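From a predicted model like this one, the values you see are computed outputs, not experimental measurements. Order of the sequence lines fixes the chain letters, A, B, ..., with proteins taken first and strands second; residue numbering starts at 1 for each chain.
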Protein chains: 2
Amino acid sequence: MEMGYSDSGGQLEQAPGPGSPVEVKPEKGIIGNCLICGEPSTGKHYGIVACLGCKTFFRRAVVQRQDTVCKLETPCEPKLMARKACRACRYRRCLECGMSKEALQPRRDLIGCRRIRNRPNWAVPPPNVMTEEVSKNALLSLIERLTSCDERIRNKKFEILRSKQEALGLANAIKEGICKPNVDHHSKLMIMLASDISNTTQTDLLTLLEWIKTLPVFKLISQKDKELLLKRFAWNHLIIECGTFTAAANVDDVWLISNGTCMPRNVEKLPEESKVAAPLRQLKLMPQELVALRIIMLMNCGGTPEYSGLEEQTHKVTLAFRDKVIAALFAHYEHIEYPNFPERFGSVILMTSGITSAASAMLESYQVMRLFKIVSFDLISQQLLFNG
Amino acid sequence: MEMGYSDSGGQLEQAPGPGSPVEVKPEKGIIGNCLICGEPSTGKHYGIVACLGCKTFFRRAVVQRQDTVCKLETPCEPKLMARKACRACRYRRCLECGMSKEALQPRRDLIGCRRIRNRPNWAVPPPNVMTEEVSKNALLSLIERLTSCDERIRNKKFEILRSKQEALGLANAIKEGICKPNVDHHSKLMIMLASDISNTTQTDLLTLLEWIKTLPVFKLISQKDKELLLKRFAWNHLIIECGTFTAAANVDDVWLISNGTCMPRNVEKLPEESKVAAPLRQLKLMPQELVALRIIMLMNCGGTPEYSGLEEQTHKVTLAFRDKVIAALFAHYEHIEYPNFPERFGSVILMTSGITSAASAMLESYQVMRLFKIVSFDLISQQLLFNG
DNA sequence: TCTTTCTGGTCAAAGGTCGG
DNA sequence: CCCGACCTTTGACCAGAAAG
């Protein structure tokens, strides 16, 4: 905010006009931008980098619990304008960004509430609650860790791809119709896409390899089973990546691959896989859901070891991890007080079937392109995708 | 905000009326005179010392800018009587005195602060424990009702089929190897199965029709959409029915159809659809989960009406019912204190993808049998399964 | 002990409300 | 309608407590 008149009461206070020199901020102490609303922030509050406004807002919201539900039918979108959203949604965003209620202390001026060294006695937890609290926290930090890994790697991927093209710029161009598929330059588009497809596919797969290395369970799995799981997941990975990218670009009726080019398989009919983008866009998967969905699909290896073709050990370990991630996602839902999260979770999981069928459609169309030498794939793609 | 009246409404400590004994008050809080109109002021507003009236006037003038020009030939003289001047001139005086438009903040949310007219009972009738309890019970009875309907109809189906064969008896026979498929009587088996397949398929589909009639939402859906949903679900229905039956029979390595005969598509390789039985057996779906799974798959119609091909109304209604059933299943889990039910629910939902792919495999193999006239299907099967 | 970092509290000054 | 007294909400600043 650009006020701050309060202190200046004594001084001459030269009414800060439009072009006032006062706003020359030497950014004293600014350590970054508020995760919640984007304003400059001078420090961390309740666990995350946040501005003073969001800090105070959060404290008040927790202390005097009120307005817990948004009164709009379509909840406000606090992501870009947290400070203008309604209180319920702003509070929800605080939680989503990771502010922790546990960091709130009881009233300061009550005697006996001081922390003794290293031991917050203001949260003297009964032993049973303690363990439950601990496991909740462990789950929360698990999902946070997984999410940040996933985002870090994905950002890196876009960094790599940007060296070739400005992804969003091209996406916008498409939106404005420059690249809109039509009969006239259909074949031209395909030629243009040939290199794009093999390029982004390779980048996506390398990203996949890098990502699974960050999953601790994968260290417990034999090389053979690793390959099996990877091959099983690779197409789904491509669909999820392209799907979220397409959904984020918010364009209709085209299917974007990660560098922003569009891929119409034919003119009159959109490819099957573009259908998955609509649910993705509508659900607006939060990062935690996205990573959970990916892990669930990667680790979903049927009912029994015999049928999944995996070793007993692998089977047990992956299923256990999958269950843990599901539990972690639920802990996250509860933490951010997401309303009706069972239904939400159901919708998220149900995306798997759409993704699977989109993946087979993609396999089919890529297979054709490969056989007819329209696109040539590198070694890693051959191995992971075409059973090469 | 709907609270905060307590202090003002409780004791009317302020509002000193004209005849109040404290009329000569030193006016606590008065810090000077309004620069604009000369009235006493309690603080600074928009950069200058101003009274409440000028403050609110200025905000409104900026927000809804109107009356920007004075209608008098000789402009009013707002210096001495700002409050009596026309709006244009009063606004001009505000600016001349140094009020700054930049001090205006973006609109706050209207929703969170709106009060209904006439000062509602600020003990807002809350969603208290009672209603929550009621809705829990409503959900529990919903899932119970659905479950018993489902079971009743399925029992009836077996009753019908028993008139032909003793289903479980034959299943046992298979377990003991009498009917185990091998090369020698492969063709004999197929011939035997031809009538079985068409027969049980028909029975299963009639059962399906009877079942969906028990779902109240289906009354709200147009005939066209009903057919669409049914056709979409029919194969999945067959898989679920056969799958649970096979799983219950607890035999390995065969795929049973509902009358207890086994259906090996070829000898050396088991049909794709038999893979779904293993997860079903391992999960041991409880009846509530089974019916919830069926409804979820029946009502799962993608993200948007455009993509699902359904009418807007249908789309909304089915999704709402699906969500309600999910909530009901969760209520059931909580009711029976099932441990780790989120993971359990995840596993149940994840069966959808196995069922879907088994369904396409089944479609393929039945299609072959139909084309080569190995099996002839009745009218209803033709319509629901083969787009006839 | 001194500094850093984060806590809760404060209050001037925003915005909204609803009889007049 | 507009006006403005009155109310709630906001956030920059402050002092104090833990941690280093």
*Touch class at under 4.0 angstrom, heavy-atom based, for A:Lys55 against every strand present*: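 It contacts base atoms.
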
*asked:* Applying a 4.0 Å non-hydrogen cut-off, can you work out what B:His45 is touching in the nucleic acid: base, sugar-phosphate, or nothing?
replied: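 Counting heavy atoms under 4.0 Å across all strands, the contact made by B:His45 is with sugar-phosphate only.
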
*Does the side chain of B:Tyr46 get closer than 4.0 angstrom to OP1 or OP2 of C:dG15 through an N or O atom?*
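Looking at the OP1 and OP2 atoms of C:dG15, one of them is under 4.0 Å from a side-chain N or O of B:Tyr46.
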
_Taking 4.0 Å as the cut-off, does a side-chain nitrogen or oxygen of B:Arg90 come that near to OP1 or OP2 on D:dG4?_
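Checking B:Arg90 against D:dG4: at least one side-chain N or O falls below 4.0 Å of OP1 or OP2.
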
Integer-rounded Å distance: [N] [atom2] and [X] [atom1]:
X        : N      : atom1 : atom2 : result
A:Arg87  : C:dA14 : CZ    : C1'   : 14 Å
A:Met99  : C:dC6  : CE    : C1'   : 12 Å
A:Ile31  : C:dC6  : CD1   : C1'   : 11 Å
A:Phe57  : C:dG8  : CZ    : P     : 15 Å
B:Tyr91  : D:dC2  : OH    : C1'   : 17 Å
B:Ile36  : D:dG4  : CD1   : C1'   : 14 Å
A:Lys44  : D:dA19 : NZ    : C1'   : 14 Å
A:Leu104 : C:dG9  : CG    : C1'   : 13 Å

*asked:* Can you confirm whether A:Leu329 sits close enough to A:Gln288 that some side-chain heavy atom of one is under 4.5 Å from a side-chain heavy atom of the other?
replied: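 Result yes, sub-4.5 Å side-chain heavy-atom pair found.
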
*Of the non-hydrogen atoms in A:Leu215 and A:Leu146, which two are nearest, and what is the gap between them?*
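Looking at all heavy atoms of both residues, the closest pair is CD2-CD2, 3.7 Å.
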
*Would A:Tyr333 and A:Glu289 count as a side chain to side chain donor-acceptor pair (under 3.5 Å) if you check the C-alpha gap in whole Å, the side-chain angles of each, and the deciding distance to 0.1 Å?*
CA-CA 10 Å; A:Tyr333 280 139; A:Glu289 290 171 327; 2.5 Å; yes

*Any donor-acceptor pair under 3.5 Å joining the side chain of B:Arg60 to the base of C:dG15?*
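No, the side chain and the base share no sub-3.5 Å donor-acceptor pair.
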
*Check whether the side chain of A:Arg59 and the base of D:dG11 form a donor-acceptor pair under 3.5 Å.*
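Side chain to base: no pair present.
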
_Candidates D:dA12, D:dC2, D:dA5 - which lies nearest the side chain of B:Leu52_ =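 My answer, after comparing the listed nucleotides, is D:dA5.
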
*Consider the side chain of B:Thr56, meaning its heavy atoms from C-beta on, and name the nucleotide among D:dA12, C:dC6, C:dT17 that approaches it most closely.*
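Ranking D:dA12, C:dC6, C:dT17 by closest atom to the B:Thr56 side chain puts C:dT17 first.
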
*asked:* For A:Phe245 together with A:Phe158, are the ring centres under 6.0 Å from each other?
replied: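 Centroid distance A:Phe158-A:Phe245: below 6.0 Å, so yes.
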
*Please round to the nearest 0.5 Å and tell me the distance separating atom CD1 of A:Ile326 and atom CZ of A:Phe345.*
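Nearest 0.5 Å value for the CD1-CZ distance: 4.5 Å.
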
